[in-house]
Amino acid sequence: MSAGPLVASGIGILLLVVTAYVLVGGTLATTEVMVEAQSNLAMYQEARMRTAIEIQNTTIVDNETLSVEVKNTGSEPIVDIPLIDVYLHIYGAPVYVPYNVGDVNYWSNMGIDPDHIHPRELDPGETLTLQVTHEKDAQPTWVQVVTPNGVSSSAYIR
């Protein structure tokens, strides 16, 4: 009896074991990534459910400045204030207003009241005052504020 078939069978079995190891390792790694993604999604959804904001007041300061007071009425703090999105309704269309960029159509943080617990974070019960600068004589009619996790509030400008 020759040793050739025996060696070929051994190599074949070894290749099957290595292939099974690679497939199982890849499946386990993929499963771990998927479980972590599901866990993060659930965590973000829970935080979003606890987040709520309400526009308390809108005041036209002058022909190119609007003051907006946003109160955190939820139970989740809003940590990344510069990531808040602001939209104005000007000339019949919504206009995105970025944070502190450019000469016109930008918003800036004018302060949080009271800001004693976590400085520079909008904690539950605190009010953030935004100053929105827009084109001169544009006359915005509506404002919408959106938190970094997608919760929004809007109000007409009177």
Side-chain angles (χ1 to χ4, degrees), residues 19-158:
T19 302
Y21 178 75
V22 169
L23 288 175
V24 168
T27 302
L28 288 176
T30 302
T31 303
E32 183 179 338
V33 168
M34 189 175 69
V35 166
E36 186 176 342
Q38 289 276 352
S39 171
N40 287 343
L41 178 64
M43 183 179 65
Y44 292 137
Q45 290 291 351
E46 287 176 16
R48 189 168 192 261
M49 287 174 44
R50 293 187 303 263
T51 303
I53 60 171
E54 184 178 322
I55 295 177
Q56 299 288 309
N57 190 18
T58 59
T59 307
I60 297 174
V61 178
D62 56 29
N63 282 341
E64 52 189 301
T65 308
L66 171 71
S67 176
V68 180
E69 294 178 4
V70 181
K71 184 172 185 173
N72 184 347
T73 57
S75 61
E76 187 75 19
I78 299 170
V79 179
D80 295 324
I81 301 295
L83 296 181
I84 290 176
D85 291 330
V86 176
Y87 296 90
L88 291 178
H89 192 265
I90 302 174
Y91 304 123
V95 175
Y96 171 68
V97 181
Y99 175 73
N100 252 355
V101 178
D103 295 329
V104 293
N105 288 344
Y106 70 91
W107 70 269
S108 54
N109 180 352
M110 298 309 291
I112 299 172
D113 185 47
D115 196 17
H116 303 298
I117 305 298
H118 299 107
R120 294 173 303 281
E121 293 182 10
L122 187 59
D123 293 314
E126 295 180 342
T127 301
L128 168 68
T129 303
L130 308 176
Q131 180 176 336
V132 183
T133 303
H134 54 80
E135 297 174 14
K136 190 172 185 174
D137 298 323
Q139 298 179 349
T141 57
W142 174 81
V143 63
Q144 182 176 25
V145 178
V146 184
T147 65
N149 62 0
V151 175
S152 68
S153 179
S154 61
Y156 284 101
I157 300 167
R158 306 216 188 286

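If you read the sequence from its start, that first residue is 1, and numbering goes on from there.
Looking at heavy atoms from C-beta onward, I90 lies in side-chain contact with H134 at the 4.5 angstrom threshold. A heavy-atom distance below 4.5 Å is found between the side chains of I60 and I157. Under the 4.5 Å side-chain criterion, counting only non-hydrogen atoms from C-beta, L128 is not in contact with V145. Side-chain atoms of Y44 and N149, non-hydrogen and from C-beta on, never get closer than 4.5 Å to each other.
For I117, the CD1 atom sits in a loose shell: 12 or fewer heavy atoms of surrounding residues, nucleotides or ligands are nearer than 6.0 Å.
Under 3.5 Å, the side chains of S152 and Q144 contain a donor-acceptor pair of N or O atoms.
The OG1 atom of T58 sits 12.0 Å away from atom OH of Y156, with the distance rounded to the nearest 0.5 Å. In this structure, CG on L130 lies 8.0 Å from OG on S108, to the nearest 0.5 angstrom. Here the straight-line distance linking atom CD of E64 with atom NZ of K136 works out to 6.0 Å at 0.5 Å rounding. Here the straight-line distance linking atom CE of M49 with atom CD of E76 works out to 11.5 Å at 0.5 Å rounding. With values rounded to the nearest 0.5 angstrom, Q139 atom CD is found 8.0 Å from N63 atom CG. The structure places CD of Q131 at 10.0 Å from CG of N100, a figure rounded to the nearest 0.5 Å.
Across D137 and Y91, no two heavy atoms sit closer than the pair O-OH, 4.3 Å. The two residues T59 and N57 have their closest heavy-atom pair at OG1-ND2, 3.4 Å. Here the closest heavy-atom approach between residue Y87 and residue V146 is recorded as CE1-CG2, 4.1 Å. Here the closest heavy-atom approach between residue P124 and residue G74 is recorded as CB-O, 3.2 Å. Residues D115 and E126 approach most closely at CA-OE2, 3.7 Å, considering heavy atoms.
Under the side-chain contact (heavy atoms from CB on, under 4.5 Å) test applied with W107, the options T133, V68, I84 reduce to a single match, I84.
In this structure, D80 contributes its side chain and P82 its backbone to no donor-acceptor pair below 3.5 Å. Listed for the S39 side chain is no donor-acceptor partner under 3.5 Å among the backbone atoms of V35. D62 contributes a side-chain N or O that, together with a main-chain N or O of T65, makes up a donor-acceptor pair within less than 3.5 Å.
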*Intermediate values then yes/no, side-chain contact (heavy atoms from CB on, under 4.5 Å), H89 and T141*: CA-CA 6 Å; H89 192 265; T141 57; 3.1 Å; yes
*May I have the step-by-step check of side-chain contact (heavy atoms from CB on, under 4.5 Å) for E135 and N105, ending in yes or no?*
CA-CA 6 Å; E135 297 174 14; N105 288 344; 3.8 Å; yes
*Would you sort out whether N72 and D123 count as a side-chain contact (heavy atoms from CB on, under 4.5 Å), showing the intermediate values?*
CA-CA 7 Å; N72 184 347; D123 293 314; 5.6 Å; no
*Hey, mind stepping through S153 and I55 against side-chain contact (heavy atoms from CB on, under 4.5 Å) and telling me if it holds?*
CA-CA 6 Å; S153 179; I55 295 177; 3.7 Å; yes
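Residues meeting the ring pair (Phe, Tyr, Trp, His ring centres under 6.0 Å) test with Y21, sequence neighbours left out: none.
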